[in-house]
Asks: 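Pasting a structure here, questions to come.
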Amino acid sequence: MGLTCNSTGTGILNCGLLIEKKTQSDKIVALAGNPNVGKSTVFNNLTGLNQHTGNWPGKTVTNAQGSYRHNGKSFVMVDIPGSYSLMANSAEEEIARDFICFGAPDAVVVVADATCLERNLNLVLQILEITDKVVLCVNLMDEAKKKKIRIDLNLLASRLGIPVVGTSARSGRGLGLLMDKVSSVADNSAETEPLSVTYDDSIEKAISSIETAVEKELHGRISSRWVSLKLLDGDKSLIRSLKDYLGCDLMQNEEITKKIAEAKYLLENNGITCDRFRDMVVTKIVKTCENISRETIVYEKKEYAERDRKIDKILTSKLTGIPIMILLLFVVFWITITGANYPSDLIAKGLFRIEGLLSEFFRDISAPIWISGPLVNGMYRTLAWVVSVMLPPMAIFFPLFTLLEDSGYLPRIAFNLDNLFRKACAHGKQALTMCMGFGCNAAGIIGCRIIDSPRERLIAIITNNFVPCNGRFPTLIAIITMFFAGAMGGALKSVISTLTLTGVIVLGVSMTVFISKLLSKTILKGLPSSFHLELPPYRRPQIGKVIIRSILDRTLFVLGRAVVVAAPAGLIIWLLANIDVGNISLLAHCAGALDPFAQLIGLDGYILMAFILGFPANEIVVPIIIMSYMAAGSLTELESLSELHELFVNHGWTWLTAVCTMLFSLMHWPCGTTCLTIKKETQSLKWTLVSFAIPTITGIAVCMIVANTVRLLGLV
């Protein structure tokens with residue numbers, strides 16, 4: 001069973017904090033910590049494959065939970081969102097705080113980075129104000145040793161009054177001892193005297209003056225001292241959560257409101273305004289962290305992060321940062337383009353061999369064409385195209401992307417591009433979500449959860465489609481190779497193709513920034529919000545785990561969504577291509593109707609129709625164009641690019657058609673998978689339609705300007 005209304009209060013379900021327990025004796029353990037401290041590594045090493053992920057209902061934050069057995073006891077490990085504090089400045093912090101407060105965990109493990117422990121202790125002290133069932137896991141002890149950092153774990157445990165364990169989660173060292181301590185804390189057998197931060201005398205008197213009244217309503221379920229502190233602070237999000245959890249509004253209690261008013265009057269008489277109150281609370285916590293760190297940490301090298309700083313001088317320099325980023329982008333795409341060709345052909349041959357067997361089966365059972373055609377030549381062939389074209393690039397791109405993430409380079413990309421997005425009144429973290437869009441725009445949309453501001457999150461979601469996903473790479477690469485790099489030979493051809501593709505992507509990034517700026521000045525007005533961007537230490541990526549997790553968590557997840565929307569698309573494409581009206585297929589009729597407008601934007605009716613029918617999956621745009629030109633009844637592929645080039649030229653393609661098709665591929669509506677993801681993430685049909693319309697209008701406008709300018713100049 002899970003946490004229920006009876007066990008934890010009705011508000012716990014409203015917050016979506018429902019944890020699955022196999023038995024009543026299972027202990028719930030929350031894993032908390034700052035981002036980039038190895039919290040997920042601890043979680044993954046403990047739970048292995050006994051884990052699953054999902055969304056907190058009503059929230060845009062992912063949770064993960066898994067089971068673990070230690071010394072005959074069962075534990076449910078919950079990986080709560082990484083956060084720097086519990087002052088609820090973001091959805092992640094609110095979820096983390098609410099789970100610790102109202103999720104009734106039997107123990108809270110706070111994972112900290114041994115190389116920057118002082119900064120991480122801030123979260124530890126805040127959690128200790130809520131619960132005394134805390135174990136501190138000082139992770140990355142191996143990294144600290146390399147940097148000549150010594151931590152006196154026993155003294156640290158004495159100062160904090162809680163169990164402290166040093167671990168190196170990547171190798172699994174220390175995790176057994178960690179669970180020993182967790183087990184004792186969960187069973188209430190550990191002797192702990194958690195450190196309590198003592199504030200200014202005026203603040204302590206103010207807390208005491210309302211604590212008695214608050215305690216009457218809480219009945220010991222939450223720390224009355226901590227709640228009193230937050231009521232004085234006027235923490236509105238906590239007040240809302242408390243109302244859901246308790247079933248009553250503390251601010252409607254006359255005794256409590258009277259005590260709060262008296263306490264605030266007392267503080268104001270001592271020169272402590274609301275803003276200064278929070279500053280004094282934060283300052284006291286920070287100074288306490290500094291004092292503990294000075295006592296327990298020894299830096300044998302003054303410049304313990306010297307190597308990282310030297311690397312950052314190059315990778316985050318105004319002069320070299322962005323050029324190196326573009327070079328890395330070039331390398332990633334070159335590896336993806338070059339490496340995806342052979343496995344894509346291999347998968348296609350295998351899947352189309354199965355298609356032959358399916359066709360033979362339907363012939364053997366004498367199935368009518370109106371059954372075998374839609375199922376085999378329509379749905380199955382479309383699915384085979386999507387899988388064979390999408391899977392290899394994603395299986396290469398996502399691990400490469402994750403390796404950059406695991407090594408600590410991705411936050412540097414956000415740092416390099418932060419100034420650009422800030423000038424566009426957008427969020428610096430949008431650079432990270434934009435990078436995720438290269439693999440799949442749907443994954444990029446999900447990644448927008450890391451942006452706290454709703455306004456800036458919407459901007460990131462709306463503009464994510466301006467960077468091409470791997471589904472648009474085949475179209476872009478084929479056109480570049482046929483019309484711009486075809487004259488080259490050997491390795492030079494691949495280099496020219498990759499350089500041109502990189503240029504197209506730089507254009508997409510530029511359009512992302514431009515449209516973000518436009519949205520910030522029109523329908524989503526506002527100033528850019530500040531945010532904490534921690535540059536984690538460079539680490540050697542775990543290649544094996546990166547490959548497995550990126551394929552399982554990203555590649556197969558995105559591919560599954562694409563398959564769901566591609567199957568019905570295959571049916572529609574087959575019907576349009578095979579139902580004739582006046583000896584002409586419906587597909588040809590639709591293309592003819594679209595042709596005048598398509599010519600205006602540098603395309604033709606068949607190309608525009610292919611983009612429309614390719615809405616479920618961008619991978620099938622070129623096959624639809626081929627099928628339309630050849631008047632075939634199903635998706636078709638030619639043997640070579642030279643044959644494809646000849647087919648396109650015979651149907652009126654010029655270099656201008658190629659350019660406009662590339663531009664429209666770069667800037668048009670999101671695919672079906674991405675639209676479904678936008679709807680799920682925004683919970684709004686309006687913003688889904690806006691996300692559909694803005695790139696489409698932009699693509700039409702850009703293609704129209706380019707096509708008609710070239711024609712007026714007589715260049716084609």
Side-chain angles (χ1 to χ4, degrees), residues 32 83-89 93-94 96-98 100-102 108 110 118-132 134 159-162 192-243 245-246 249-295 532:
S83 53
Y84 290 100
S85 77
L86 297 183
M87 293 187 176
N89 294 313
E93 291 177 3
E94 185 176 340
R97 180 203 65 198
D98 284 357
I100 293 169
C101 287
F102 315 127
V108 179
V110 185
E118 179 182 317
R119 187 162 62 242
N120 291 187
L121 287 177
N122 173 45
L123 181 65
V124 177
L125 295 184
Q126 290 186 51
I127 292 176
L128 284 176
E129 289 188 310
I130 301 173
T131 176
D132 59 356
V134 179
R159 289 288 284 110
L160 293 174
I162 58 173
T192 60
E193 295 182 12
L195 172 68
S196 177
V197 178
T198 304
Y199 300 103
D200 181 86
D201 288 343
S202 299
I203 295 177
E204 288 294 335
K205 289 178 181 178
I207 293 172
S208 299
S209 67
I210 64 172
E211 189 174 356
T212 305
V214 168
E215 194 170 15
K216 293 177 183 177
E217 296 295 326
L218 298 180
H219 305 294
R221 287 186 285 177
I222 314 171
S223 168
S224 56
R225 172 184 167 81
W226 179 74
V227 171
S228 301
L229 182 68
K230 292 300 172 182
L231 290 177
L232 281 172
D233 188 29
D235 191 331
K236 294 181 180 179
S237 68
L238 176 66
I239 293 171
R240 287 195 302 269
S241 296
L242 278 170
K243 182 179 178 181
Y245 176 61
L246 298 172
D249 188 351
L250 293 181
M251 300 307 292
Q252 297 298 317
N253 184 296
E254 291 186 10
E255 184 181 0
I256 292 175
T257 54
K258 180 182 177 182
K259 292 292 184 180
I260 292 173
E262 291 174 354
K264 287 186 175 181
Y265 179 75
L266 172 67
L267 291 173
E268 287 175 3
N269 282 344
N270 286 276
I272 303 175
T273 61
C274 291
D275 290 338
R276 187 156 181 259
F277 175 83
R278 172 169 279 209
D279 287 343
M280 290 176 68
V281 168
V282 172
T283 300
K284 182 62 177 180
I285 292 175
V286 170
K287 286 184 176 180
T288 304
C289 294
E290 291 174 351
N291 293 334
I292 294 173
S293 298
R294 275 195 293 268
E295 294 176 24
H532 297 286

Asks: Looking only at side-chain N and O atoms, does N291 offer a donor or acceptor that is under 3.5 Å from a partner on E295?
Replies: no
Asks: Would you mind reporting whether I222 and L242 have side-chain heavy atoms less than 4.5 Å apart?
Replies: yes
Asks: Is the side chain of E118 donor-acceptor paired with the backbone N or O of E290 at a distance under 3.5 Å, no angle test?
Replies: no
Asks: Quick one: does W226's side chain get under 4.5 Å of L238's, heavy atoms only?
Replies: yes
Asks: Give a yes or no on whether a salt bridge exists between R225 and E204, defined as a side-chain N under 4.0 angstrom from a carboxylate O.
Replies: yes
Asks: Any donor-acceptor pair under 3.5 Å linking the side chain of E255 with the backbone of A213?
Replies: no
Asks: Should D233 and F277 count as side-chain neighbours, where that means a heavy-atom distance under 4.5 Å?
Replies: yes
Asks: Taking the side chain as every heavy atom from C-beta outward, state whether R240 and K243 have any pair of such atoms under 4.5 Å apart.
Replies: no
Asks: Could you tell me the separation between the CD1 atom of I272 and the CD1 atom of I203, rounded to the nearest 0.5 Å?
Replies: 5.0 Å
Asks: Going by side-chain contact (heavy atoms from CB on, under 4.5 Å), S224 matches just one of I210, T212, L218. Which one?
Replies: L218
Asks: Is the shortest side-chain heavy-atom distance between L121 and L160 below 4.5 Å?
Replies: yes
Asks: For S83 versus L123, what's the shortest heavy-atom pair and its separation?
Replies: O-CD2, 3.6 Å
Asks: With rounding to the nearest 0.5 angstrom, report the CE to OG1 distance, M280 to T273.
Replies: 10.0 Å
Asks: Given side chains that start at C-beta, do those of L195 and I292 come closer than 4.5 Å, heavy atoms only?
Replies: yes
Asks: Quick one: side chain to side chain donor-acceptor pair (under 3.5 Å) partners of D132, sequence neighbours excluded?
Replies: none
